[in-house]
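Have a look at the structure below before the remarks.
Letters A, B, ... are given to chains in the order of the sequence lines, protein chains preceding strands, and every chain is numbered from 1. Worth saying up front: this structure is predicted, and the values here are computed from it rather than measured.
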Amino acid sequence: MAEFEVEIKPENLVYGTPKLITDRIMHYCPGCSHGTIHKLVAEVIEEMGLAEKTIGVSPVGCSVFAYNYIDIDWVQAAHGRAAAVATAVKRLYPEKMVFTYQGDGDLAAIGTGESIHACNRGENIVVIYINNAIYGMTGGQMAPTTLLGMKTATTPYGRDPKLHGYPYKIADMMAHLDGVCYITRQSVHTPVNVRKAKKALRKAFENAMAGKGLSLVEFVATCNSGWKQSPVASNRWMEENMLPFYPLGDIKDI
Amino acid sequence: MKGNEVIAEAAVRYGCDGYFGYPITPQSEVMESLMEMKPWETTGMVVVQAESEVASINMVYGGAACGKRVMTSSSSPGISLMCEGISYIAGASLPCLIVNVQRGGPGLGTIQPSQSDYFQATKGGGHGDYHLIALAPNSVQEMYDFVGLGFDLAFKYRVPAMMLADGVIGQMMEKVVLDDPRPRRTDEQIEQECGDWALTGKKKERQRHVITSLELDPYAQEVVNEKLQATYRLIEANEVRYQTTATEDADYLLVAYGSSARICAKVVEMAREAGYKVGLLRPITLWPFPGKPIAELAGQVKGILSVELNSGQMIEDVRLAVNGRVPVEHYGRMGGVVYSPGEVFEALKEKIINKTK
């Protein structure tokens with residue numbers, strides 16, 4: 001028996017599901033960062049009053065089904081091509097808010113060309129880039145961002161630079177391009193980071209609507225299934241291993 | 001005007017919303033002309049030089065998803081790069097126009113004209129069960145006309161349309177009759193025409209629109225495929241286009257499209273002067289293929305020569321239509337070499353006339 005009663009009234013609510021998040025059961029694994037990031041994207045769109053103006057581009061990978069969870073118009077792009085698809089949508093509907101949502105395999109491996117050139121053209125879009133250092137959907141293979149020594153399905157003895165090359169920081173590369181106005185690296189593994197990440201997303205969306213050029217928000221994220229760890233251990237592993245190599249914070253802001 | 005330039009003129013006059021391309025010989029004049037015309041200052045048409053054909057076809061995919069009239073043009077190796085995107089466009093039931101000014105292959109091949117992408121244009125090209133409406137112009141006028149026709153058919157059936165031209169027609173200069181320009185559709189008109197599927201921003205009163213070609217449930221994916229197939233059957237029933245020349249009394253039939261049909265029209269004249277009753281059937285739509293009229297003519301003629309600038313691709317469709325009733329042979333040149341009417345006439349005599357007397 002509770003010592004005091006909680007009366008549930010609308011004015012007492014301090015937290016709720018964003019209106020734009022659908023009732024569909026998410027297919028993401030428990031502990032995956034996608035759910036939190038989806039929530040932030042939905043909140044930012046809602047708070048900016050852009051629900052009727054926003055078109056999302058979903059990738060190939062775990063987040064291909066982002067279109068099932070955020071209640072806006074979506075187009076699903078071929079693997080890696082989201083930035084090209086978004087380019088056309090934004091050019092043809094300049095008044096709309098257009099963003100892509102891509103994983104590291106999609107953006108930094110197969111889609112490197114499209115991503116870099118969209119940056120270079122200064123397309124007025126937002127690129128949301130989820131870096132969990134692994135291919136989640138296909139069962140945990142090496143990603144371009146996989147850390148040295150990290151074990152994956154295709155680096156069973158750990159990533160060896162002689163065999164597999166080096167992990168690379170595509171966001172840092174993109175920051176050199178003149179068409180890019182804002183590049184930041186965020187995470188959602190603590191409440192503080194969630195709040196910072198939301199601010200970063202909002203800024204990116206505002207940049208796109210103001211026509212300032214391309215903004216990219218990278219999320220260093222967990223894939224506990226791919227990493228074969230519990231959600232809690234994944235957060236710890238990310239802090240200890242990912243964040244030293246992929247440090248959080250703004251990389252470019254003009 | 002030149003064939004390639006006329007594509008640009010037609011696109012602007014038709015009210016095309018966007019062109020996305022990448023330079024490749026022998027069709028680079030399409031984008032060059034558009035950039036010179038600056039239609040973004042007049043009709044508001046968007047023109048983007050992409051970083052690759054892979055990017056340009058995906059831009060077309062994005063634009064088509066918005067219900068806009070969007071197109072690209074390229075030549076054979078570039079079309080190969082686009083095939084993934086074309087498959088996605090077909091799989092997501094989107095309308096668009098793709099122009100292929102063919103050159104010789106395989107590989108980097110040659111920059112000279114060819115018709116060796118017939119299979120790619122008519123049998124798919126990319127992965128999965130899909131078709132493009134494939135239009136084969138045989139003149140600069142038709143290159144102009146088929147931009148509008150291609151868009152009309154693409155939007156009527158929500159399928160991608162391809163204009164399968166070749167380097168001869170693309171580089172040829174001829175007189176062209178242009179239509180009056182028509183304005184691009186307004187957002188309201190797009191909403192009316194494509195409002196039940198296109199990405200226009202989710203309004204409160206409707207469900208969200210999702211353009212995708214993904215269905216993990218095989219039974220749901222089969223339904224998607226069945227719908228596509230039903231559309232293809234409808235196109236086959238309604239949209240076959242072809243032209244016949246001197247077939248009424250013909251003893252021998254030439255089947256040829258595009259620049260080959262121009263050459264074969266001359267062959268018909270030469271053969272008739274020499275006393276042979278030769279006719280020509282020119283498929284205008286390569287898919288849907290005019291199999292029925294060819295089958296009907298097979299009941300009249302003694303033999304058929306399928307004439308293409310390749311090693312023999314369309315001949316498979318001709319033979320399927322004829323179903324073994326009369327001999328069907330192929331004559332072609334490859335690698336960018338174009339036959340003269342005299343060469344085709346000799347081949348006709350050797351392969352068909354002399355063997356079926």
Verify salt bridge (Lys or Arg N to Asp or Glu O under 4.0 Å) between Arg185(A) and Asp172(A), making sure each step is shown before the conclusion. CA-CA 10 Å; Arg185(A) 191 179 287 123; Asp172(A) 295 68; 2.7 Å; yes

Taking the six-membered ring for Trp, are the ring centroids of Tyr69(A) and His34(A) within less than 6.0 Å of each other? no

Angle between ring planes, Trp74(A) versus Phe99(A), binned at 30° and 60°: parallel, tilted or perpendicular? perpendicular

For chain A, which of Val48(B), Leu199(B), Asp187(B) has the most heavy-atom pairs under 4.5 Å? Leu199(B)

Which pair of heavy atoms, one from Met143(B) and one from Met163(B), lies closest together, and at what distance? O-CE, 3.2 Å

Would you call Arg185(B)-Glu193(B) a salt bridge at under 4.0 Å N-O? yes

Is it true that a side-chain atom of Asn58(B) and a backbone atom of Val54(B) form a donor plus acceptor pair closer than 3.5 Å? yes

Could you walk me through whether Asn207(A) and Ser215(A) pass side-chain hydrogen bond (donor to acceptor under 3.5 Å, both in side chains), step by step? CA-CA 7 Å; Asn207(A) 285 344; Ser215(A) 296; 3.1 Å; yes

Got a sec: does the CD1 of Ile111(B) have more than 12 other heavy atoms crowding it under 6.0 Å? no

Do His38(A) and Phe65(A) have ring centroids that are under 6.0 Å from one another? no

Of all the residues in residues 76-88 of chain A, which have a heavy atom that comes within less than 4.5 Å of a heavy atom in chain B? Gln76(A), Ala77(A), Ala78(A), His79(A), Arg81(A), Ala84(A), Val85(A), Thr87(A), Ala88(A)

Which atoms of Leu94(B) approach chain A - backbone, side chain, both or neither, heavy atom under 4.5 Å: neither

With distance as the sole test, does Arg208(B) use its side chain to make a donor-acceptor pair with the main-chain N or O of Asp73(A) at under 3.5 Å? no

The interface call for Val57(A) against chain B, heavy-atom contacts under 4.5 Å, is neither

Let me know if Tyr93(A) has heavy atoms under 4.5 Å from chain B in its side chain, its backbone, both or neither. side chain

Correct closest heavy-atom pair for Trp197(B) and Pro95(B) would be CH2-CD, 3.7 Å

Under 4.5 Å from any heavy atom of chain B - which part of Leu92(A): both

Once rounded to the nearest 0.5 Å, what's the spacing between atom NZ of Lys123(B) and atom CG of Asp129(B)? 13.0 Å

Part of Val46(B) lying under 4.5 Å from any heavy atom of chain A: side chain

State whether the number of non-hydrogen atoms from other residues, nucleotides or ligands found under 6.0 Å of Lys203(B) atom NZ is greater than 12. yes

Where Val180(A) and Lys252(A) come nearest, the two heavy atoms and their spacing: O-NZ, 3.1 Å

Tabulate, in ascending numerical order, the residues of residues 115-146 of chain A having at least one heavy atom closer than 4.5 Å to a heavy atom of chain B, or enter 'none'. His117(A), Arg121(A)

Given the options Val89(A), Ile72(A), Val98(A), which has more heavy-atom pairs under 4.5 Å with chain B than any of the others? Ile72(A)

For Asn225(B) and Gln221(B), run side-chain hydrogen bond (donor to acceptor under 3.5 Å, both in side chains): C-alpha distance rounded to whole Å, both residues' side-chain angles, the deciding distance at 0.1 Å, then the answer. CA-CA 6 Å; Asn225(B) 280 85; Gln221(B) 179 59 39; 2.9 Å; yes

Ordered numerically, the heavy-atom neighbours of chain A under 4.5 Å found in residues 8-21 of chain B are Asp17(B), Gly18(B), Phe20(B)

Given heavy-atom pairs under 4.5 angstrom as the criterion, report whether the side chain, backbone, both or neither of Leu216(B) touches chain A. side chain

Which residues in residues 65-92 of chain B have any heavy atom closer than 4.5 Å to a heavy atom of chain A? Ala65(B), Cys66(B), Lys68(B), Val70(B), Glu84(B), Tyr88(B)

For Ser58(A), which atoms come within 4.5 Å of any heavy atom of chain B: side chain, backbone, both, or neither? neither

Do Lys19(A) side-chain atoms and Ala42(A) backbone N/O form a donor-acceptor pair below 3.5 Å? no

Report the option among Ile70(A), Asn68(A), Val64(A) that has the most heavy-atom pairs separated by less than 4.5 Å from atoms of chain B. Asn68(A)

Using a strict threshold of under 4.0 Å (side-chain N to carboxylate O), is an ion pair present between Asp196(B) and Arg206(B)? no

Is any NZ, NE, NH1 or NH2 atom of the basic residue among Glu43(A) and Lys198(A) found under 4.0 Å from an Asp or Glu carboxylate oxygen of the other? yes

